[in-house]
Amino acid sequence: REPECAHRAHKIWCVQDVIMVRLAEIKKRHPGAATFSFGDTPALIAELNGLVCVGKKRATCTAMVDVDAGREKMPAVGRRDIALGPDGAPALVIETVELRQVTWAATTEEMAMAECEDETLESWRAGRRRYYERQEIFDGDMVLIWERFEGIEDFGKISAGTARNF
C-alpha cells in the first residue's frame, strides 16, 4: 500500500495534467490567448470570476509597469484571453473590445464602475491602491491600461468539460 502522501501527490499531478490538457485545447480554439487571473488571492479570483460570469464585471485594468516587466501581456482589442480560476484551471474566455491608457489618478468613475468591484470611484481608488501596494508597484502617476471586455465562454468546473457562452 502506498503512503497517503504519495497517493495525494499523484492525485495533484493528475489534476494538473487534466488542467494542462484542457488549457491546451482551449488555446487551440483561441490562438494567441494569454492566461491570467482576476485578482491575487484565491478568494478574490473566485469573487471576480463570479462577477464576470453573471455579466456584472465587464472591465479590468493592467499596470503598464507589469507589461513593461513582462509579468502581464499587453491587452489588444479583438484578442481573447483565458481567465484562470483559484485552482489554476481555465474558468473563462474574454474578448477585449476597448482599451484606454490612463493614469491611476485620472481613472474616471465610469471606468471604475465598469469593473463592478466597488460602489464609488473613491472606494475603487482605495482598493486599487491596496492591490498595487501589495504588488509593491503603486505610484499615484502610474499608467494603467483600462480594458473593457465581453464574456465569451464560461467553463464552470473543469470536470464538467463543457462551456457556455455568456
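Computed from heavy atoms alone, side chains included, the values below leave out hydrogens, waters and symmetry copies. For the single chain, residues carry numbers from 1 onward in sequence order.
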Got [X] and [Y] here, is their nearest side-chain heavy-atom distance under 4.5 Å?
X      : Y      : result
Glu115 : Cys61  : yes
Ile137 : Arg71  : yes
Arg80  : Arg29  : no
Leu92  : Asn49  : yes
Thr107 : Leu144 : yes
Val67  : Thr62  : yes
His30  : Glu95  : no
Thr35  : Leu23  : yes

Subject >> Verdict with reasoning, Glu117 to Trp124, per side chain to side chain donor-acceptor pair (under 3.5 Å) >> reply: CA-CA 7 Å; Glu117 296 175 38; Trp124 179 90; over 6 Å; no

So, for [X] and [Y], which heavy atoms are closest and what is the spacing to 0.1 Å?
X      : Y      : result
Cys53  : Asp154 : SG-OD2, 3.5 Å
Leu44  : Gly39  : CD2-CA, 3.7 Å
Leu84  : Ser37  : CB-OG, 3.9 Å
Phe155 : Pro90  : CB-O, 3.8 Å
Leu99  : Pro75  : CD1-O, 3.4 Å
Ala114 : Arg148 : CB-NH1, 3.9 Å

Original post:
What's the verdict on side-chain contact (heavy atoms from CB on, under 4.5 Å) for Ile26 and Val93, showing C-alpha distance, side-chain angles and the deciding distance?
Top reply: CA-CA 9 Å; Ile26 295 165; Val93 174; 4.0 Å; yes

Original post:
Any chain of hydrophobic side-chain contacts (each under 4.5 Å) joining Ile45 to Phe36?
Top reply: no

Original post:
Is Val143 reachable from Met111 through a run of I, L, V, M, F, W or Y residues, each pair having side-chain heavy atoms under 4.5 Å apart?
Top reply: no

Original post:
Is there a donor-acceptor pair under 3.5 Å between the side chain of Asp139 and the backbone N or O of Asp141?
Top reply: yes

Original post:
Would you find a donor on one side and an acceptor on the other, under 3.5 Å apart, between the side chain of Arg58 and the backbone of Val52?
Top reply: yes

Got a salt bridge between [X] and [Y], using NZ or NE/NH1/NH2 to carboxylate O under 4.0 Å?
X      : Y      : answer
Glu47  : Lys57  : no
Glu98  : Arg100 : yes
Arg125 : Glu109 : no

Subject >> Contacts of Glu147 that satisfy side chain to side chain donor-acceptor pair (under 3.5 Å) - sequence neighbours left out >> reply: Thr96

Original post:
Is Glu133 atom CD crowded by more than 12 heavy atoms from other residues, nucleotides or ligands, each under 6.0 Å away?
Top reply: yes

Quick check for you: to the nearest 0.5 Å, what is the distance between [X] atom [atom1] and [Y] atom [atom2]?
X      : Y      : atom1 : atom2 : answer
Ile145 : Thr60  : CD1   : OG1   : 12.0 Å
Ile94  : Ile82  : CD1   : CD1   : 10.5 Å
Met113 : Thr108 : CE    : OG1   : 9.0 Å

Subject >> Phe149 and Phe38 aromatic centres sub-6.0 Å >> reply: yes

**OP:** Determine whether the aromatic ring centres of Phe138 and Trp104 lie less than 6.0 Å apart.
**Re:** yes

**OP:** In sequence, state the C-alpha distance, the side-chain angles, and the governing distance for Met74 and Met64, and then conclude on side-chain contact (heavy atoms from CB on, under 4.5 Å).
**Re:** CA-CA 8 Å; Met74 180 69 167; Met64 191 59 153; 4.2 Å; yes

